[in-house]
**Q** 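Take this structure, written in structure tokens, and hold onto it; I'll ask about it next.
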Amino acid sequence: MAGHLSRPVDALAQAAARLGEGDFSVRAGRSGVPEVDAVASTLDATGARLGQVLARERAFSADASHQLRTALAGLRLRLEAARLLPGVDQGQAIADALAEVDRLEGTVEQL
């Protein structure tokens, strides 16, 4: 009887450990013991939710990073052009760059 209960609990503990290590694809097996299976079902749902949250966070971070890098690259190009091209109003270029920096700061604060 003890083995009948300890094996599924051990398997559940192993699944929980894998989930704790970041394996959100882990699914706990079913044992036929209703109480253990209820915990396994909850653990599976938790793993799925954590995986979804992490995927959304990674996608958000990648998108935000791309948008900020793009804006910074544009700002750099304008400043370099203002420094290198003859006849460019450098005061206006600096004012434009500062306006872009303000816009980027607002974006970062929103994020």
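Because the structure is predicted, anything quoted here is derived from the model rather than measured.
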**Q** Donor-acceptor pair, distance only, cut-off 3.5 Å: does the side chain of S41 make one with the backbone of D37?
**A**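 Answer holds: no.
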**Q** Measure the OG1-CG distance between T107 and D102 for me, rounded to the nearest 0.5 Å.
**A**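 Answer rounded to 0.5 Å: 11.0 Å.
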**Q** Count I, L, V, M, F, W, Y as connected when their side-chain heavy atoms are under 4.5 Å apart, and connections chain through other members. Are L19 and L54 then in the same cluster?
**A** yes
**Q** Linking I/L/V/M/F/W/Y whenever any side-chain heavy atoms sit under 4.5 Å apart, do V101 and L77 land together?
**A** no
**Q** Side chains of R56 and V53: does their closest heavy-atom pair fall under 4.5 Å?
**A**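 They are in side-chain contact.
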**Q** Between L72 and R76, is any pair of side-chain heavy atoms under 4.5 Å apart?
**A**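 L72 does not reach R76 side chain to side chain.
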**Q** Write down the atom of A15, the atom of V26, and the distance for their closest heavy-atom approach.
**A** O-CG1, 3.7 Å
**Q** Heavy atoms only: give me the nearest L79-A93 pair and the separation to one decimal.
**A**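 Minimum heavy-atom contact is CD2-O, 4.3 Å.
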**Q** Return yes if some donor-acceptor pair links the side-chain N/O of R30 with the main-chain N/O of A28 below 3.5 Å, else return no.
**A** yes
**Q** Just verifying a value: how many Å separate S6 OG and L12 CG, rounded to the nearest 0.5 Å?
**A** 12.5 Å
**Q** Report whether L50 and V39 are members of the same hydrophobic cluster (ILVMFWY, side-chain heavy atoms less than 4.5 Å apart, transitive linking).
**A**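 They do share one cluster, since a chain of ILVMFWY contacts under 4.5 Å joins L50 to V39.
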**Q** I'd like to know if the side chain of D10 pairs up with that of Q14 as donor and acceptor (distance under 3.5 Å, no hydrogens or angles considered).
**A** no
**Q** Could you report the tightest heavy-atom contact between R27 and G47, atom names first, then the distance?
**A** NH1-C, 4.4 Å
**Q** Could E100 and R103 be called an ion pair, given the rule that one side-chain N must be under 4.0 Å from one carboxylate O?
**A** yes
**Q** Same hydrophobic cluster for I94 and L104, using side-chain heavy-atom links shorter than 4.5 Å among ILVMFWY?
**A** no
